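Step one of this worksheet: look at the structure below.
Computed from a prediction, not measured in an experiment: that's the story for all the values here.
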Amino acid sequence: MAFELLDRSIHLPTTTAQLTQRTGSTHDDWLMTDAERGTLQTLVRNLKPQCAIEVGVYRAGSLAILSANAAKVYALDIDPSCAERYAPQFPNVEFVIGDSGVELPALLDRLQTTGAPLDFILIDADHSEDGVRRDIESVLRYRPKRPLYVVMHDSFNPGCRRGMKRAKWAANPHVHHVELDFVPGRFVTREKPGQFRQMWCGLALAILLPEERRGELTLHENEGLLFQSTLRQSAYRYHKWWNPMYMRKQFRPTVARMLKEHAPGLYGSLKRRMAGTATGTS
């Protein structure tokens with residue numbers, strides 16, 4: 001991540017010391033951009049949720065915002081140490097430790113059964129395509145009694161975005177709007193060599209209302225052209241079905257082996273291309 005001028009207080013620096021800290025090497029480990037931080041703060045500060053859920057705690061950057069503005073927060077994470085580290089800081093947060101594929105449906109079922117108000121959900125845990133889709137579809141089992149806003153992080157990442165697009169949004173009649181580019185994401189520059197030309201960040205937003213929608217549901221991509229243009233220049237541009245150097249990681253390992261044996265020149269060329277997109281040498 002590049003430096004962020006906004007810290008967890010969502011205040012701009014007021015002294016040279018603060019400015020130096022935020023633009024220097026010290027980082028607060030909250031992996032959201034300034035635009036995302038400000039947007040999240042504005043949403044939850046205005047909404048003042050009675051109950052909110054965060055799926056994926058990491059360094060508790062967004063959890064700090066939720067805890068300060070919501071009456072009750074459930075924080076789900078697979079790391080058991082996050083409760084030990086952050087529970088003393090956030091007395092209104094109940095930590096739920098375990099796989100979100102198991103714990104999130106159970107929590108939502110409990111809230112649905114008890115009739116507890118639920119206003120806001122942030123999904124930012126498993127960043128695989130299947131993991132994102134699974135967490136969304138767990139949420140789609142819920143039938144809201146009041147407006148429910150679901151924010152999903154890293155919608156600019158191709159894998160996460162595919163998971164969001166594959167989710168069965170239309171199966172829940174209370175889903176009225178889905179926007180994948182509520183806040184556009186980031187094309188990583190040389191500031192982080194290990195992720196150079198990767199695509200991360202971005203906030204997607206889904207709106208669920210108590211009344212059922214009429215008509216078909218449209219999945220919106222306000223910055224779809226930006227996404228496609230960036231994808232063509234990114235480290236993911238060779239992640240295609242025809243490229244065995246990529247597909248060997250998926251479900252066709254024999255293709256790469258056969259190509260290496262029978263067409264070593266082409267194999268080497270594809271391998272160099274894949275390495276170049278990861279390191280920025282191409």
Side-chain angles (χ1 to χ4, degrees), residues 6-11 28-32 36-126 131-132 134-153 172 174-177 182-183 203-211:
L6 298 178
D7 65 3
R8 298 177 189 221
S9 67
I10 316 296
H11 292 136
D28 63 5
D29 284 326
W30 181 9
L31 300 183
M32 283 191 178
E36 293 169 330
R37 297 174 186 212
T39 298
L40 182 63
Q41 164 80 332
T42 299
L43 282 177
V44 296
R45 183 177 59 193
N46 291 336
L47 184 60
K48 291 292 182 185
Q50 289 295 307
C51 176
I53 296 175
E54 179 176 59
V55 186
V57 174
Y58 189 55
R59 302 296 185 188
S62 51
L63 183 61
I65 301 297
L66 290 175
S67 176
N69 292 279
K72 174 73 175 182
V73 181
Y74 294 92
L76 280 66
D77 200 281
I78 200 167
D79 180 6
S81 69
C82 73
E84 301 171 6
R85 282 180 284 146
Y86 301 122
Q89 300 178 39
F90 309 119
N92 62 333
V93 175
E94 179 178 330
F95 289 87
V96 181
I97 305 303
D99 189 329
S100 61
V102 176
E103 300 300 337
L104 182 57
L107 173 60
L108 289 167
D109 286 346
R110 172 157 54 106
L111 296 177
Q112 189 89 74
T113 300
T114 61
L118 178 60
D119 311 277
F120 188 86
I121 300 176
L122 173 61
I123 298 176
D124 190 15
D126 187 335
V132 171
R134 179 200 63 199
D135 287 343
I136 292 172
E137 291 184 351
S138 293
V139 172
L140 293 177
R141 297 171 49 183
Y142 186 80
R143 297 298 185 264
K145 302 298 183 183
R146 54 199 293 159
L148 172 62
Y149 301 91
V150 182
V151 171
M152 297 148 280
H153 194 219
N172 186 323
H174 296 277
V175 178
H176 286 254
H177 186 85
F182 183 57
V183 177
L203 295 180
L205 173 67
I207 301 174
L208 284 70
L209 301 176
E211 60 268 27

Item to check | Thr42/Leu40 under side chain to side chain contact (heavy atoms under 4.5 Å, CB included): CA gap, chis, key distance, verdict | outcome: CA-CA 5 Å; Thr42 299; Leu40 182 63; over 6 Å; no
Checklist entry - If we only count heavy atoms from C-beta on, is the Val73 to Leu63 side-chain gap below 4.5 Å? => result yes
Item to check | Arg143 backbone acceptor or donor facing Asn172 side chain under 3.5 Å | outcome: no
Checklist entry - Ignoring hydrogens and geometry, is there a side-chain-to-backbone donor-acceptor pair from Arg37 to Met32 under 3.5 Å? => result yes
Next on the checklist: My understanding is that only residues two or more places apart in sequence, or in another chain, count here; which of them pass side-chain hydrogen bond (donor to acceptor under 3.5 Å, both in side chains) with Ser100?
Outcome noted: Arg134, Asp135
Checklist entry - Mind checking what makes salt bridge (Lys or Arg N to Asp or Glu O under 4.0 Å) contact with Asp119, not counting sequence neighbours? => result Arg146
Item to check | Asp28 backbone acceptor or donor facing Arg8 side chain under 3.5 Å | outcome: yes
Item to check | Salt bridge present between Asp79 and Arg85 (N-O < 4.0 angstrom) | outcome: yes
Item to check | Stepwise side chain to side chain contact (heavy atoms under 4.5 Å, CB included) test for Tyr58 and Leu31 | outcome: CA-CA 9 Å; Tyr58 189 55; Leu31 300 183; 3.8 Å; yes
Item to check | Distance in Å, Leu108 CG paired with Leu118 CG, rounded so as to fall on 0.5 Å steps | outcome: 6.5 Å
Item to check | Step-by-step side chain to side chain contact (heavy atoms under 4.5 Å, CB included) determination, Leu76 to Glu54 | outcome: CA-CA 6 Å; Leu76 280 66; Glu54 179 176 59; over 6 Å; no
Next on the checklist: As a test of understanding, state which of Asn69, Leu66, Asn46, Leu6 forms a side chain to side chain contact (heavy atoms under 4.5 Å, CB included) with Gln41.
Outcome noted: Asn69
Item to check | Check: Tyr74 and Cys51 side chains under 4.5 Å, non-hydrogen atoms | outcome: yes
Next on the checklist: Walk me through whether Tyr149 and Ile207 qualify under side chain to side chain contact (heavy atoms under 4.5 Å, CB included).
Outcome noted: CA-CA 5 Å; Tyr149 301 91; Ile207 301 174; 3.9 Å; yes
Checklist outcome for this item: Those residues at least two apart in sequence (or on a different chain) that pass ring-ring contact (aromatic ring centres under 6.0 Å, His included) with His177 are His220
Checklist entry - Under 3.5 Å, is there a donor-acceptor pair between the side chain of His174 and the main chain of Leu140? => result no
Checklist outcome for this item: Residues passing the salt bridge (Lys or Arg N to Asp or Glu O under 4.0 Å) test with Arg141, sequence neighbours excluded, are Asp109
Item to check | Pro147 side chain near Leu47 side chain, heavy-atom distance below 4.5 Å | outcome: no
Checklist entry - Are Phe182 and Thr39 side-chain neighbours, meaning at least one heavy-atom pair lies under 4.5 Å? => result yes
Checklist entry - side-chain contact (heavy atoms from CB on, under 4.5 Å) with Thr113: which residues, sequence neighbours excluded? => result none
Next on the checklist: If we ignore hydrogens and angles and just use 3.5 Å, is the side chain of Asn92 paired with the main-chain N or O of Ser67 as donor and acceptor?
Outcome noted: yes
Item to check | salt bridge (Lys or Arg N to Asp or Glu O under 4.0 Å) involving Glu103 - partner list, sequence neighbours excluded | outcome: none
